[in-house]
Amino acid sequence: MKKVVIIGGGPAGRVTVHTLHAAKEEFDITLIKDEEINVNRCAVPYGIIDKKPVDKFCIPNSLVTDFGAKLVIDKATKINTKENFVLTENGDRYDYDYLLLATGSKPIIPLIEGVNLGNITTVRSKQDMERLREFAKRYKKCVIVGGGYIGVEVAVVLKKLGLDVTIVEMLEHILLATLDDDFAIEVENHLKEKGINVVTGDKVIAFEGDESVKKVVLESGEKIDTDFVVISVGVVPNVELAEKSKIKVSKLGIKTDEYLRTNIENIFAAGDCAEKKSFITKRTIRGEFGTNAVFMGRVVGANIAGKNVKFPGVINANVSTVFEYSFGSAGLIEKAVKNEGIDVVVGESEVMDMYPMMDGVSKIKTKLVFERSTGKLIGGTVLRKGHCVAANIDFISFAIQKSATIDEILLHQYSTHPELAAKPSDNIYVFAARDALKKI
């Protein structure tokens with residue numbers, strides 16, 4: 001029986017276990033992770049509200065052990081790539097025929113004066129969530145450093161709990177990693193309408209306080225009073241173990257081929273720790289989303305089982321929500337396309353989410369990006385009221401995956417209902433495609 005060792009307990013590691021469990025061949029699987037309990041990292045902001053116990057936001061270890069794998073709570077410290085074994089901090093040895101590195105990522109802690117003061121936390125672990133629960137009950141004011149998805153989601157939750165919240169984002173607007181400026185500005189304005197102070201185009205240069213942080217100092221000279229600080233400025237791939245083991249890495253993760261093998265044939269990498277290539281451009285791209293880890297884990301499991309499946313690259317479908325609005329994107333947004341130098345045509349639409357005579361009707365704003373030479377869809381963004389945007393982004397992602405063209409989207413057949421969708425003549429994708437066609 002072939003031995004498989006997996007280092008990392010996140011979605012890439014777990015899904016690889018599940019895939020191998022479903023394979024015809026039996027494997028001797030050991031998963032090593034250094035967190036006794038993994039929290040669902042995407043859910044940490046929502047776990048700040050203490051209506052549910054912390055355990056509800058954690059990943060049960062049974063998702064490993066119920067699928068035929070042995071679980072080891074320990075830290076992998078060395079990989080012997082010649083003799084095919086892993087050593088751990090406790091001095092144990094685990095032999096393998098195949099090894100998966102799914103070591104994830106770690107939060108960026110910026111080198112800011114005073115960053116080691118008390119009451120400064122990241123948003124990553126079970127301990128972070130417990131700390132934020134405590135802070136939300138005890139304190140009145142919070143500053144969030146970073147205006148990406150997690151920072152914004154934490155801001156919304158804390159505001160709903162009655163706190164005075166400020167977001168500080170060094171870029172011109174929040175959410176620019178996933179949204180074009182026009183969409184980001186709408187979300188930004190909505191946050192301000194709800195009472196969140198949003199500071200953009202300014203940089204935190206120091207934290208002041210005695211034992212705990214009391215003020216956040218900005219490059220502009222402004223000082224913001226606070227009781228605690230949340231740092232949410234992104235993550236970096238956790239590649240130290242790989243690098244130490246002579247496995248090739250870059251700034252964006254462990255290097256792999258199209259089968260997710262590293263430069264050592266029987267060692268794979270998947271999830272946040274691994275490099276990702278764009279489905280569209282085939283060039284290296286950021287993509288630290290749990291869904292990407294899941295997709296990669298399936299490919300690794302299939303390849304260990306002997307199927308030789310290629311990973312096609314990431315589309316980076318992503319969604320989030322603030323108060324009444326939800327939004328997201330897939331593929332290359334308009335701004336990213338310009339950076340790639342691709343000649344595109346962009347179609348936009350604003351379509352009602354229900355029949356116009358219905359109560360509570362509101363607009364869905366959509367932008368679709370097509371490659372001009374082929375007419376293929378390569379990106380899209382949606383902003384709407386309500387929490388239904390995931391279905392829109394999933395459609396766009398699948399259309400990109402299937403190389404759908406403007407003409408094919410114009411022929412898209414869809415459903416309609418007075419309370420559930422736009423009137424029969426209107427459709428967000430068809431209208432956006434029609435707008436793009438006018439510009440060719």
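Atom CG of residue D272 and atom CD1 of residue I254 lie 11.0 Å apart, to the nearest 0.5 angstrom. Summarising the geometry, atom CD1 belonging to I73 is positioned 11.5 Å from atom OG1 belonging to T88; distances are rounded to the nearest 0.5 Å. Note that OG1 of T291 and CG of N316 are 7.5 Å apart. Values are rounded to the nearest 0.5 Å. Taking NZ of K126 as the start and CD1 of I59 as the end, the distance is 13.0 Å to the nearest 0.5 Å.
Judged by distance alone, with hydrogens and angles left aside, the side-chain atoms of S278 form a donor-acceptor pair with the main-chain N or O of I280 at under 3.5 Å. Although no hydrogens or angles enter the test, the distance criterion places no donor-acceptor pair under 3.5 Å between the side chain of T226 and the main chain of V229. Without hydrogens or angle criteria, S62 side chain to D66 main chain gives no donor-acceptor distance under 3.5 Å. At distances below 3.5 Å, at least one donor-acceptor pair connects side-chain atoms of R124 with backbone N or O atoms of S105. With hydrogens and angles disregarded, no donor-acceptor distance shorter than 3.5 Å links the side chain of S362 to the backbone of K385. Judged purely by atom type and a 3.5 angstrom limit, N292 uses its side chain to pair as donor or acceptor with the backbone of G287. For H173 (side chain) and V187 (main-chain N/O), no donor-acceptor pair under 3.5 Å exists by modelled atom type. A side-chain donor-acceptor contact under 3.5 Å links T16 to the backbone of G297. Not one N or O on the side chain of N119 forms a donor-acceptor pair closer than 3.5 Å with the backbone of S212.
Crowding of K192 atom NZ: a count of heavy atoms from other residues, nucleotides or ligands under 6.0 Å exceeding 12. Within a 6.0 Å radius of CD in E240, other residues, nucleotides and ligands contribute more than 12 heavy atoms. Counting non-hydrogen atoms of neighbouring residues, nucleotides and ligands closer than 6.0 angstrom, the CG atom of D210 reaches no more than 12 such neighbours. For E340, the CD atom sits in a packed shell: over 12 heavy atoms of surrounding residues, nucleotides or ligands are nearer than 6.0 Å. Heavy atoms from other residues, nucleotides or ligands lying under 6.0 Å from CE of M170 number 12 at most. The 12-atom threshold is not exceeded at NZ of K140, counting heavy atoms of other residues, nucleotides or ligands nearer than 6.0 Å. Within 6.0 Å of the OH atom in Y414, the count of heavy atoms belonging to other residues, nucleotides or ligands exceeds 12.
Listed by first and then second residue, the ring pair (Phe, Tyr, Trp, His ring centres under 6.0 Å) pairs that reach into residues 419-440 are F395-Y429, H412-Y429, sequence neighbours excluded.
When each of D128, L161, I49, V54 is paired with R133, the side-chain contact (heavy atoms from CB on, under 4.5 Å) condition holds for V54 and for no other. Considering V123, T122, T121 in turn, T122 is the only one that fulfils the side-chain contact (heavy atoms from CB on, under 4.5 Å) rule with P107. When the options D181, D182, D180 are evaluated for a salt bridge (Lys or Arg N to Asp or Glu O under 4.0 Å) with K335, the one that passes is D181. Each of L175, I393, V319, T381 was checked for a side-chain contact (heavy atoms from CB on, under 4.5 Å) with F327, and the lone residue meeting it is L175.
For the pair K194 and F323, the cation-pi criterion (under 6.0 Å, within 45° of the ring axis) is fulfilled. The side-chain tip of K141 does not point at the ring of Y139 from less than 6.0 angstrom away and within 45° of straight on. With F370 as the aromatic partner, K376 does not meet the cation-pi criteria of under 6.0 angstrom to the ring centre and within 45 degrees of the ring axis.
Between F295 and V15 the shortest side-chain heavy-atom distance does not fall below 4.5 Å. With a 4.5 Å cut-off on side-chain heavy atoms, Q401 and F279 count as touching. Between S326 and R384 there is a side-chain heavy-atom pair separated by less than 4.5 Å. No side-chain heavy atom of L100 sits under 4.5 Å from any side-chain heavy atom of V5. Side-chain contact between M352 and K423 is absent, with no heavy atoms from C-beta onward closer than 4.5 Å. Side chains of T30 and V72 form a contact here, defined as non-hydrogen atoms less than 4.5 Å apart. Between L368 and V346, the closest side-chain pair of non-hydrogen atoms is not below 4.5 Å. Contact of the L383 side chain with the E186 side chain is registered, since non-hydrogen atoms from C-beta on lie closer than 4.5 Å.
For the residue pair E324/H387, the side-chain donor-acceptor check at 3.5 Å is not satisfied. Side-chain contact check for T103 and N238: no donor-acceptor pair (N or O, by modelled atom type) lies under 3.5 Å. One side chain, E275 or S250, offers a donor N or O that lies under 3.5 Å from an acceptor on the other.
Classification of K215 and D225 as a salt-bridged pair holds, one side-chain N sitting under 4.0 Å from a carboxylate O. The existence of a salt bridge linking K365 and E350 is excluded, since no basic side-chain nitrogen approaches an acidic carboxylate oxygen closer than 4.0 Å. No salt bridge links K255 with E243; every basic N to acidic carboxylate O contact stays at or beyond 4.0 Å. Taking 4.0 Å as the cut-off between side-chain N and carboxylate O, D435 and K439 count as a salt-bridged pair.
Nearest heavy-atom pair across V299 and Y259 is CG1-O, 4.3 Å. Residues M296 and A269 approach most closely at CE-O, 4.4 Å, considering heavy atoms. P11 approaches A293 most closely through the heavy-atom pair CG-CB, 3.7 Å. Across every non-hydrogen atom of L31 and R14, the tightest pair is CD1-N, 4.4 Å. For the residue pair K33 and N38, the shortest heavy atom distance occurs at NZ-OD1, 2.6 Å. Closest approach of C142 to V230, counting heavy atoms only: SG-CG2, 3.9 Å.
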Just do the side-chain hydrogen bond (donor to acceptor under 3.5 Å, both in side chains) check on S320 and E153 with the steps written out, would you?
CA-CA 8 Å; S320 189; E153 288 163 2; 2.5 Å; yes
Chi angles and distances behind the salt bridge (Lys or Arg N to Asp or Glu O under 4.0 Å) call for D50, K137:
CA-CA 9 Å; D50 66 355; K137 291 176 187 175; 3.0 Å; yes
When the side chains of residues 195-209 are checked against the rest of the protein, which donor-acceptor pairs come out under 3.5 Å, sequence neighbours left out?
from	atom 1	to	atom 2	distance (Å)
N197	ND2	T166	OG1	3.3
T200	OG1	E172	O	3.1
D202	OD1	E219	N	3.4
D202	OD1	S220	N	3.2
D202	OD2	S220	OG	2.4
E208	OE1	K223	NZ	3.3
E208	OE2	K223	NZ	3.2

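Classified by interplanar angle (parallel below 30°, tilted 30° to 60°, perpendicular above 60°), the ring pair F67/H21 is perpendicular.
Taking K244 as the reference, L241 meet the side-chain contact (heavy atoms from CB on, under 4.5 Å) condition, with sequence neighbours excluded.
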